[in-house]
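Working notes for the structure below.
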Amino acid sequence: MSENAIGTDVLRLEGLTKRYPGGVIAADAVDLTVSAGELVAIVGESGSGKTTTLKAINRLIEPSAGTILFQGRDVLALESHALRREIGWVMQGDGLFPHLTAAQNIAVTPRLLKWDSARIAARVDELLELVRLDPEDFRDRYPHQMSGGQRQRIAIARALAVEPPLILLDEAFSALDPVTRAGLQDDFVALQHRLQFAAVMVTHDMAEALLLADRILVMKSGRVIQTGTPSDLVNRPADPYVTELLAAPAKQAKAVAALENSA
Ligand SMILES: Nc1ncnc2c1ncn2[C@@H]1O[C@H](COP(=O)(O)OP(=O)(O)OP(=O)(O)O)[C@@H](O)[C@H]1O
């Protein structure tokens, strides 16, 4: 990761388009650039094309048109399994292998890359510390022996195992209760600032995007409606749809403020 100076493009989407058989255009000429150390959230209503866009980046979905450059390399020219080892992936509901311990889950990619066992063991402990789980306590636990929040911490550790320059998150925090979720979100952002990987996060939750992202890409029916900082969106929404997405967090903030004022 050290070769990624802050501000360097890690990912560039140019005219990314996905047309599914049957004719649905799930992503329609999507442009996006993500730099090292930057967190971009893709937000939109259900069916707007967020997951399609995310999955095209690591070729879980093959695009119909457009270019995806990862560290300047066209992903379509790369072998897809090798590409996925270079890009971290955290999905909703953790996606851990149930029959593997926390340590074995974290070690999946290092093993594929044929790291020796001493290096893997040291890295597993380092990663457990990084996601604030005691290695002694957690390395031999199976997923069913951990809480949802702890499992998601393991999933993040697994995604970071080989220091990828890019992490993709698909509704990674959505299934957690609000307190666990807020703690993990804070820790994730702190980790990102420390390690300077680029991140693209899909979320249906505008409040989460406003709190975490450096920039937000708003999608509707496969099209990019607006790309901007949280402040750009709040102060200069480009479309009534953006205003609509902002209404829920604004309403919540107002309700809490009203209660505080009434005390
Ligand atoms: N394999 C597929 N075949 C055909 N159409 C698909 C396929 N996958 C997704 N779609 C369609 O593409 C559009 C975008 O779907 P996508 O999953 O990218 O949206 P999303 O914004 O991630 O939605 P959600 O928030 O509900 O996950 C939808 O209309 C969906 O029905």
Side-chain angles (χ1 to χ4, degrees), residues 39-48 50-55 57-58 60 84 87-111 120 123-164 166-195 197-213 216 248-249 252 256:
L39 197 166
V40 173
I42 304 180
V43 178
E45 65 193 3
S46 184
S48 57
K50 308 181 294 292
T51 301
T52 298
T53 301
L54 194 77
K55 287 185 171 173
I57 296 169
N58 65 355
L60 287 171
R84 277 177 224 139
I87 299 178
W89 174 251
V90 186
M91 63 184 94
Q92 183 173 12
D94 69 59
L96 297 177
F97 297 110
H99 58 290
L100 299 184
T101 63
Q104 289 165 338
N105 266 289
I106 293 171
V108 165
T109 304
R111 270 192 212 291
I120 291 177
R123 181 66 179 148
V124 163
D125 282 4
E126 188 185 8
L127 285 157
L128 285 169
E129 302 266 10
L130 207 60
V131 296
R132 304 211 289 150
L133 294 174
D134 176 12
E136 281 293 309
D137 192 359
F138 281 89
R139 68 168 84 87
D140 295 324
R141 289 203 204 191
Y142 287 90
H144 75 270
Q145 296 169 320
M146 293 183 275
S147 71
Q150 289 162 346
R151 284 199 296 273
Q152 208 58 327
R153 284 177 187 273
I154 301 295
I156 291 170
R158 181 174 65 175
L160 292 171
V162 297
E163 299 194 17
L166 174 64
I167 303 272
L168 306 178
L169 304 106
D170 192 359
E171 300 282 6
F173 309 116
S174 304
L176 304 173
D177 70 81
V179 174
T180 306
R181 183 179 187 176
L184 198 51
Q185 287 170 335
D186 288 349
D187 282 353
F188 182 79
V189 169
L191 269 179
Q192 202 203 0
H193 287 159
R194 198 159 125 204
L195 303 175
F197 53 83
V200 181
M201 173 180 88
V202 158
T203 178
H204 63 269
D205 181 353
M206 181 58 103
E208 179 170 78
L210 291 172
L211 285 173
L212 303 189
I216 300 172
Q252 283 171 0
V256 173

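For the numbers below, each heavy atom of this structure counts, side chains included, while hydrogens, waters and symmetry mates do not.
Remark: Glu126 engages Arg123 in a salt bridge (Lys or Arg N to Asp or Glu O under 4.0 Å) (not counting sequence neighbours). Contacts of Gln150 classified as side-chain contact (heavy atoms from CB on, under 4.5 Å), with partners at least two apart in sequence or in another chain: Leu133, Phe138, Arg141, Met146, Ser147. A search for salt bridge (Lys or Arg N to Asp or Glu O under 4.0 Å) contacts involving Arg153 returns Asp187, not counting sequence neighbours. Judged as a side-chain contact (heavy atoms from CB on, under 4.5 Å), and not counting sequence neighbours, the contacts of Ala155 are Val90, Asp94, Leu96, Gln152. Residues meeting the salt bridge (Lys or Arg N to Asp or Glu O under 4.0 Å) test with Arg139, sequence neighbours left out: Asp125, Glu136. For Met91, the side-chain contact (heavy atoms from CB on, under 4.5 Å) partners at least two apart in sequence or on another chain are Trp89.
Checking each of Leu169, Leu39, Leu54 against Val200 for a side-chain contact (heavy atoms from CB on, under 4.5 Å) leaves exactly one that passes, namely Leu54.
With contacts defined as side-chain heavy-atom distances shorter than 4.5 Å, the pair Leu212/Phe173 qualifies. Between Ile154 and Leu127, every side-chain heavy-atom pair lies at or beyond the 4.5 Å cut-off. Side chains of Val131 and Leu191 form a contact here, defined as non-hydrogen atoms less than 4.5 Å apart.
Listed for the Glu129 side chain is no donor-acceptor partner under 3.5 Å among the backbone atoms of Pro135. No donor-acceptor distance shorter than 3.5 angstrom exists from the side chain of Lys50 to the backbone of His204, with no hydrogens or angles considered. A distance-only check finds no donor-acceptor pair linking the side chain of Gln92 to the backbone of Asp170 [under 3.5 Å]. With hydrogens and angles ignored, the 3.5 Å screen pairs a side-chain donor or acceptor of Asn105 with a backbone N or O of Phe97.
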| said: For Val43 and Thr203: C-alpha separation, side-chain torsions, deciding distance, then whether side-chain contact (heavy atoms from CB on, under 4.5 Å) applies. | reply: CA-CA 5 Å; Val43 178; Thr203 178; 4.1 Å; yes
| field | side-chain contact (heavy atoms from CB on, under 4.5 Å) evaluation trace for Val202 with Thr53 | value | CA-CA 9 Å; Val202 158; Thr53 301; over 6 Å; no
| task | Could you please spell out the steps behind the side-chain contact (heavy atoms from CB on, under 4.5 Å) verdict for Arg111 and Ile120? | result | CA-CA 8 Å; Arg111 270 192 212 291; Ile120 291 177; 3.8 Å; yes
| task | Could you please spell out the steps behind the side-chain contact (heavy atoms from CB on, under 4.5 Å) verdict for Leu100 and Val108? | result | CA-CA 10 Å; Leu100 299 184; Val108 165; 4.2 Å; yes
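Here the CD1 atom belonging to Ile87 is positioned 5.5 Å from the CG atom belonging to Leu168, to the nearest 0.5 angstrom. Interatomic distance, CE of Met201 versus CD of Gln192, reported as 10.0 Å (0.5 Å rounding). Between the NE2 atom of His144 and the CZ atom of Arg151 there is a distance of 10.0 Å, given to the nearest 0.5 Å. The structure places CG of Leu130 at 10.0 Å from CD1 of Ile106, a figure rounded to the nearest 0.5 Å. Annotation: the span from Leu160 atom CG to Thr109 atom OG1 amounts to 11.0 Å, rounded to 0.5 Å. Atom CZ of Phe188 sits about 14.0 Å away from atom CZ of Arg181, to the nearest 0.5 Å.
Nearest heavy-atom pair across Pro98 and Pro143 is O-CD, 3.6 Å. When all heavy atoms are compared, the tightest approach of Leu184 to Gly149 is CD2-O, 4.2 Å. Residues Ala107 and Val124 approach most closely at CB-CG2, 4.3 Å, considering heavy atoms. Minimum interatomic distance between Gln145 and Asp140 (heavy atoms only, all atoms of both residues): OE1-O, 4.2 Å.
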